[in-house]
Amino acid sequence: MKPDEDIVRYSVITLLATAAASIAAYLWILNIVSLQRVFGAMLGSELVIFAMIVYIYYKPSITAESSNWLLVGCLVAASFLVVAVQLGSA
Amino acid sequence: MTENPGRKFVEWFKNRFGLKTTVLRPVPEYSMNPLYWLGALTVIAFGLQVLTGLLMLIYYVPTTDQAYTSTVFIIQQVPLGWLLETVHLYGAYAMILLTFLHLFRGYFASVQKKPREMMWVTGMLMGLTVMGLGLTGYLLPWTVVSKSATDVSIGMLSFLPAQIGPILTYLIAGSGSGAAELTRFFDLHIIVLPAGLLSLLALKMYMFEAHGAAEPVGGAKKNSKEIPWFPRVYLYFAMIGAIFVAIVFVAAAMFPLTLPAEYTPQAAANFVAQPDWYFLWMYQVLKVQAFEGPGIYFALGAVTLLVIGLALLPFIDRGTQRNPKSRPIYTTIGLIMIAELLTLTIWGHLTPGQVISNAQAVIVIGGVAIGVAVVSLFVFRSNLVRTKILKIPIKSSLSAMMLPFRNRNRTITMLFMIPLIAGSVSFANLVGSLTTVPVNLILAIINFAVLFGSFFAMARMMRSLTLGRDRQA
């Protein structure tokens with residue numbers, strides 16, 4: 001059965017918003033004196049997730065092209081998070 | 001049925017802020033492309049600079065004895081201070097890079113054509129202001145690197161002709177003391193130049209509202225839709241802006257700023273002065289042997305003429321063609337400018353403090369220009385870009401070049417070799433006579449005449465061989 005497009009859209013937005021909120025909460029409790037580099041990388045990831053949420057609103061219908069861009073966005077946001085983790089453990 | 005509360009809020013927002021009565025004009029659909037938003041990204045970078053700069057101003061003290069220590073305090077003691085400093089630095093670099101990209105994108109897309117001439121001139125002034133912001137901001141941490149580089153830049157200004165040099169030097173550097181220089185640079189960086197940039201931005205946006213975005217070089221599609229600013233264009237702007245700021249932050253996190261040593265005359269004496277990367281191309285030109293002493297006037301004059309020429313481009317390039325494929329000369333000049341900028345910047349980075357000999361300068365700068373011009377000519381004359389430049393029915397310049405060597409008549413090949421050898425020898429002599437001090441002008445003129453004659457003879461032979469081949473075909 002083909003899922004309803006609206007359900008997919010709202011599911012993706014909810015997932016992205018949850019990720020953004022989690023990162024924001026972590027940034028709030030982060031030690032911003034000793035972990036400034038982590039803060040910078042996580043803020044970058046947060047902004048990419050924000051851009052993806054905006055992109056979903058900007059492109060109301062999900063096409064092959066937009067899903068590719070979303071995949072690229074997820075990969076970039078994830079790699080920024082990996083950088084943050086790496087910088088935090090260095 | 002009750003109205004969606006989200007939609008209701010958006011409608012209230014649009015009404016109360018007057019967004020329904022077009023604060024910003026709707027934009028055409030073709031402009032929803034990141035290349036059309038390089039200028040807007042530069043504005044976002046400026047916004048980032050203002051925000052980070054204002055936060056740093058809380059702690060920064062613009063005096064020679066406290067500038068460095070207050071910068072160290074921001075980096076080491078202030079929460080997120082180090083990140084602020086690094087983001088401010090990389091934001092400045094991004095702003096300068098975007099300014100150059102915006103300039104060259106506009107150049108190749110011919111956005112300066114009627115009716116956008118004054119938008120181009122205003123944009124050029126904004127570009128110079130951005131460079132000024134970079135120059136003035138670089139000094140503020142008062143490190144040995146920044147002070148030495150700024151002294152080099154001020155030294156260059158003092159060579160400007162007549163009274164311009166001394167007046168300009170006094171205005172921006174004062175009596176020559178470090179304290180006067182720092183205070184003036186600080187004022188310029190946080191008040192004068194940002195105010196100038198904002199005024200020019202307002203002027204450019206006013207003109208943009210009147211003329212809109214330039215059509216694509218291939219022309220706009222028929223029935224191209226116009227998209228209202230709120231909410232779609234606004235969302236697009238927010239999206240690309242967020243990605244840009246994310247890149248700056250992650251770059252700052254990955255490549256942290258390390259502050260060089262504090263400026264002292266003793267430390268500066270042991271340091272090779274070098275301007276920041278965006279001025280390196282100009283500095284590399286000034287390091288050429290021929291431009292030392294009084295020759296610097298010629299170098300500064302040439303750079304000034306280049307900038308003035310670019311600023312007045314809309315009044316020089318009066319043709320109606322906008323497609324770079326139909327503008328071989330301007331496209332080639334643009335490509336040469338990019339190649340020279342990159343070459344001189346990388347070369348400058350690799351040769352700090354070294355004087356460049358005239359022969360090296362002629363070979364590298366001239367070689368890059370000739371190389372790019374030849375490649376561009378080949379591309380334009382080959383089947384890659386179907387444009388008739390000289391109206392000679394040559395299908396491919398490459399095949400034309402090979403014809404003298406690919407025919408059964410050896411006499412033709414031998415005859416072709418004479419101007420080829422004469423041309424090569426005269427080119428080498430020309431370089432030699434121009435780079436020897438004193439310049440042997442008569443020898444240079446003779447060599448240039450032989451070189452020109454050789455090229456002409458070779459071109460005629462290739463033309464007649466191609467015509468003969470085409471007739472046979």
Side-chain angles (χ1 to χ4, degrees), chain A residues 6 9-10 13 16-17 19-20 23-24 26-61 63 65-66 69-70 72-90, chain B residues 4 6-7 10 27 29 32-34 37 41 44 47-48 51-52 55-56 73-91 94 227-258:
Chain A
D6 271 353
R9 222 160 68 86
Y10 286 119
I13 291 174
L16 290 173
I23 295 173
Y26 189 71
L27 287 176
W28 187 254
I29 57 167
L30 196 73
N31 183 341
I32 53 174
V33 177
S34 60
L35 294 171
Q36 293 186 42
R37 295 178 75 183
V38 178
F39 184 91
M42 289 192 86
L43 193 62
S45 180
E46 177 92 340
L47 285 165
V48 172
I49 294 171
F50 168 72
M52 282 197 288
I53 294 173
V54 172
Y55 182 72
I56 292 169
Y57 273 105
Y58 175 72
K59 294 256 181 197
S61 61
T63 60
E65 188 203 347
S66 60
W69 277 117
L70 283 176
V72 170
C74 284
L75 287 174
V76 171
S79 60
F80 286 176
L81 277 180
V82 171
V83 169
V85 172
Q86 193 65 33
L87 291 173
S89 57
Chain B
N4 180 345
R7 174 65 49 198
V10 169
V27 302
E29 200 170 22
M32 304 306 272
N33 173 336
W37 291 83
L41 284 178
I44 291 178
L48 190 65
L51 185 69
T52 50
L55 288 171
M56 287 194 298
F73 180 79
I74 292 170
I75 291 172
Q76 291 179 355
Q77 304 294 325
V78 176
L80 291 180
W82 167 86
L83 191 68
L84 276 179
E85 277 277 350
T86 316
V87 166
H88 195 74
L89 177 73
Y90 290 171
I227 303 166
W229 242 93
F230 194 83
R232 273 201 72 195
V233 181
Y234 171 75
L235 286 177
Y236 187 79
F237 188 53
M239 187 177 71
I240 58 170
I243 293 170
F244 167 72
V245 177
I247 292 168
V248 174
F249 267 91
V250 174
M254 288 175 75
F255 308 105
L257 162 77
T258 45

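Because the structure is predicted, anything quoted here is derived from the model rather than measured. Below, chain A is the first sequence line, B the second, and so on; all start at residue 1.
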Exercise for review: Counting only heavy atoms closer than 4.5 Å, note whether B/Ile75 contacts chain A via side chain, backbone, both or neither.
Suggested key: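 The backbone, not the side chain.
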Check your understanding: Quick one: what part of B/Val78 sits under 4.5 Å from any heavy atom of chain A, side chain, backbone, both or neither?
Key ->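 Just the backbone, heavy atoms under 4.5 Å.
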Review point. Shortest non-hydrogen contact from B/Ala238 to A/Phe50?
Key: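 Nearest heavy atoms, B/Ala238 then A/Phe50: O-CE2, 4.2 Å.
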Review point. Do you know which two heavy atoms are closest between A/Leu16 and A/Ile49, and how far apart they sit?
Key: O-CG2, 3.3 Å
Practice item. For side chain to side chain contact (heavy atoms under 4.5 Å, CB included), just list the numbers for A/Tyr26 and A/Met42, CA-CA rounded to whole Å, side-chain angles, deciding distance to a tenth of an Å, and then say yes or no. Key: CA-CA 9 Å; A/Tyr26 189 71; A/Met42 289 192 86; 3.4 Å; yes
**Study point:** B/Phe73, CZ atom: more than 12 neighbouring heavy atoms under 6.0 Å
**Key:**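 Yes, enclosed.
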Check your understanding: When heavy-atom pairs shorter than 4.5 Å are enumerated against chain A, which of B/Leu83, B/Leu80, B/Val250 gives the highest number?
Key ->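 Highest number of pairs under 4.5 Å: B/Leu80.
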Review point. Between B/Ala252, B/Gly241, B/Pro256, which residue shows the highest count of heavy-atom pairs closer than 4.5 Å to chain A?
Key: B/Pro256
Revision key, fill the gap. Most heavy-atom pairs under 4.5 Å with chain B, out of A/Ala77, A/Ser45, A/Ala41, A/Ala84, belong to A/Ala41
Check your understanding: So, the side chain of A/Tyr55 versus the backbone of A/Gly73: is there a donor-acceptor pair under 3.5 Å, distance only?
Key -> no
